[in-house]
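Data first, discussion second: the structure below is written as structure tokens.
Residue numbers start from 1 in every chain, and the chains themselves are labelled A, B, ... in the order their sequence lines are given, proteins ahead of strands.
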Amino acid sequence: MSSLKINGKKLLEIGYPQSPVFRIAMDVIEKHYGHYTEEEAIALLTKVLADPAAYADDAILGEIAQELLVPAAPAVIALRETPVPYSVYGESYIEEGAVKQLNNAVRLPVAVAGSLMPDAHQGYGLPIGGVLAADNAVIPYGVGVDIGCRMCLSVLDLPVQTLLMNETSYTKQLMTFTKFGAGAEWKKREADPVLERSEFKEIKFVRNLFDKAAGQLGTSGSGNHFVEWGIATITDPQNEWQLAPGEYVALLSHSGSRGMGAQIAGHYTQLAKEICPLPEHAKHLAYLDLDTEEGQEYWLAMNLAGDYASACHHLIHKRLINAMGATLLARVENHHNFAWKEMYQGKEVIVHRKGATPAGKGVLGIIPGSMTAPGFIVRGKGEEGSLQSASHGAGRLMSRTKAKSSITNEVLKQQLLEHGVTLIGGGLDEAPGAYKNIDTVMAAQTALVEVIGQFVPKVVRMADGGPPED
DNA sequence: ATGTGC
């Protein structure tokens, strides 16, 4: 018995789509029509392609026909040749990969304007430190994997000397009331209004995340997340709280929406990629139209994740402030991975900030440095060029892998010693040397924010160093 | 970033 094998090129010539049907057609011919000549087989396949419905119930050819009846994948959406306007702050400090990514983003059909912050570096889709305004559409990876990743600073009434002279109780409470690590959960759960939200009932995908969210409330996760005690210095006499300029004990935290947000990000970006196929080099920028059910659902889920991240910070701060018997004097907090409905040139747009601090006129924010470098309390200037945004930190100088291979434990220890910083947990990938100089970054954005105070870390807790290399 | 896979 001879066994006929159909050439893929022939299938293309007669108009077969490059889909699973290719493989199926080849297999069916080889298995059932091995005695045919190539001409006969091609004639048969041509007839099936011309009218697949007529063959749908055929015992043998039905397999091919049914695959042909599957609706074709939507055509790839082309990027525009001409970008919309975009600005770059601190261009000389920004790696090429980040600029290339923004260049794709400002060519999306829904793009309105873009901006790159001075701490920008390459990410997935939109770069970290990237800002993009879109027309009635939301890009899940324009928000990022950690939806609602944010900062929270509490300025307290504790005497500064208590932290500088004896940090024992600060360290002890940090160990008791913070929890780090991927998947970390508290054994004893706390009630919180965010867990009562109707989205947990109304959105099917979100419903399944409730248990994880309830267990992880008030935890910090891993990576660059931290909770730290330090000294805040208020420098602006005209500050919003009428605090006397000077030094205060303060608590600073950095974390996001934990597993819940990560699952939401993953689910809706997958959905976006199916609905909105973009060219390969821009595929992670897939967006959801806000007038669609999927877009609406993501918007609600994203906002829930943002509020959940906020609740996590508030619980951490409440527990630590209570444990120290302190009173809250001032608080500054902001998301830096999120999307907002804002006005731009008289029109409502969706502003994505992925690793960028909102900096509308008079809006307060906190931009952290590193575990040994100061962070800054800032007041936005409402600069339209940056879409009313600023950097979200110093930005990475080295990738995690590069930091782990080029920074030593001795160097890190020496830096901590020099700055009088106690580090609990943490890995070399988060060492100060892995980050850009925060002063340089701040100098590149004087048009975007004014500094009204700073924060110097003293006792820092992070997740233990990353998992062992494979 | 997340606890588990182009």
Side-chain angles (χ1 to χ4, degrees), chain A residues 20 23 98 101 119-130 139-152 178-187 205-206 208-227 253-270 272-274 277 280-281 283-284 286 298 301-302 304-306 308-310 312-313 316 335-339 352-356 368 392-393 395-396 398-401 403-404 425-430 434-435 461-470:
Chain A
R23 185 78 255 152
Q101 288 186 317
D119 62 337
H121 51 101
Q122 201 171 332
Y124 259 114
L126 200 61
I128 320 298
I139 305 161
Y141 268 9
V143 169
V145 176
D146 191 5
I147 299 171
C149 187
R150 72 200 315 271
M151 305 300 304
C152 182
T178 67
K179 204 166 194 66
F180 283 83
E185 293 197 16
W186 287 109
K187 280 198 184 108
F205 182 77
V206 172
N208 298 324
L209 304 174
F210 178 82
D211 196 62
K212 187 193 280 280
Q216 294 187 334
L217 189 76
T219 62
S220 298
S222 61
N224 56 6
H225 291 172
F226 60 76
V227 181
S253 53
H254 175 214
S255 54
S257 51
R258 310 287 289 103
M260 182 182 87
Q263 298 251 324
I264 291 171
H267 175 72
Y268 288 96
T269 199
Q270 181 60 38
K273 281 180 189 166
E274 285 165 20
E280 182 63 25
H281 63 287
K283 65 179 180 184
H284 296 300
Y298 174 76
M302 176 196 77
L304 175 68
Y308 173 80
S310 177
C312 285
H313 283 262
I316 294 165
H335 287 329
H336 53 219
N337 280 13
F338 211 63
H352 303 75
R353 293 190 182 88
K354 185 187 197 179
H392 81 312
R396 276 198 170 275
M398 296 178 191
S399 68
R400 292 185 181 279
T401 24
K404 279 190 246 185
L428 292 173
D429 47 344
E430 290 300 327
Y435 285 89
R461 188 174 184 200
M462 304 188 80
D464 293 331
E469 301 289 325
D470 284 337

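- Neither OP1 nor OP2 of B:dG3 sits under 4.0 Å from any side-chain N or O of A:Ser222.
- Counting to the nearest Å, the P atom of B:dT2 and the CD1 atom of A:Ile147 are 12 Å from each other.
- A:Met260 has its CE atom 18 Å from the P atom of B:dA1, to the nearest Å.
- The separation between A:His121 atom NE2 and B:dA1 atom P is 9 Å, rounded to whole Å.
- No engagement by A:Gly256 is indicated, since no non-hydrogen atom pair under 4.0 Å with the nucleic acid exists.
- You'll find the ring centres of A:His254 and A:His336 inside the 6.0 Å limit.
- The interatomic distance linking A:His335 (NE2) with B:dA1 (C1') rounds to 16 Å, in whole Å.
- Distance CD (A:Gln270) to P (B:dG5): 12 Å, rounded to an integer number of Å.
- Taking atom CZ of A:Phe338 as the reference point, atom P of B:dA1 lies 18 Å away to the nearest angstrom.
- Dashed line: the shortest gap from a side-chain N or O of A:Arg258 to OP1 or OP2 of B:dT2 is under 4.0 Å.
- Note on A:Asn224: a side-chain N or O is less than 4.0 Å away from OP1 or OP2 of B:dA1.
- Atom NE2 in A:His284 sits about 12 Å away from atom P in B:dC6, given to the nearest Å.
- Atom NE2 of A:His267 is separated from atom P of B:dA1 by 23 Å (rounded to the nearest Å).
- Heavy atoms of A:Ala262 sit under 4.0 angstrom from primed sugar atoms or phosphate atoms, though from no base atom.
- Across all strands, A:Glu185 comes closer than 4.0 Å to no nucleic acid atom at all (heavy-atom distances).
- The pair A:Arg400-A:Glu430 counts as a salt bridge, with a side-chain nitrogen and a carboxylate oxygen less than 4.0 angstrom apart.
- Scored by the salt bridge (Lys or Arg N to Asp or Glu O under 4.0 Å) test, A:Lys283 finds A:Glu280 as partners (sequence neighbours excluded).
- For A:Gln263 and B:dG3, the shortest distance from a side-chain N or O to OP1 or OP2 is not below 4.0 Å.
- Side-chain contact annotation: A:Ser220 with A:His225, donor-acceptor N/O pair under 3.5 Å absent.
- Between A:Lys212 and B:dG3 there is a side-chain N or O to OP1 or OP2 distance below 4.0 Å.
- Not counting sequence neighbours, A:Tyr435 has no partner by the ring pair (Phe, Tyr, Trp, His ring centres under 6.0 Å) test.
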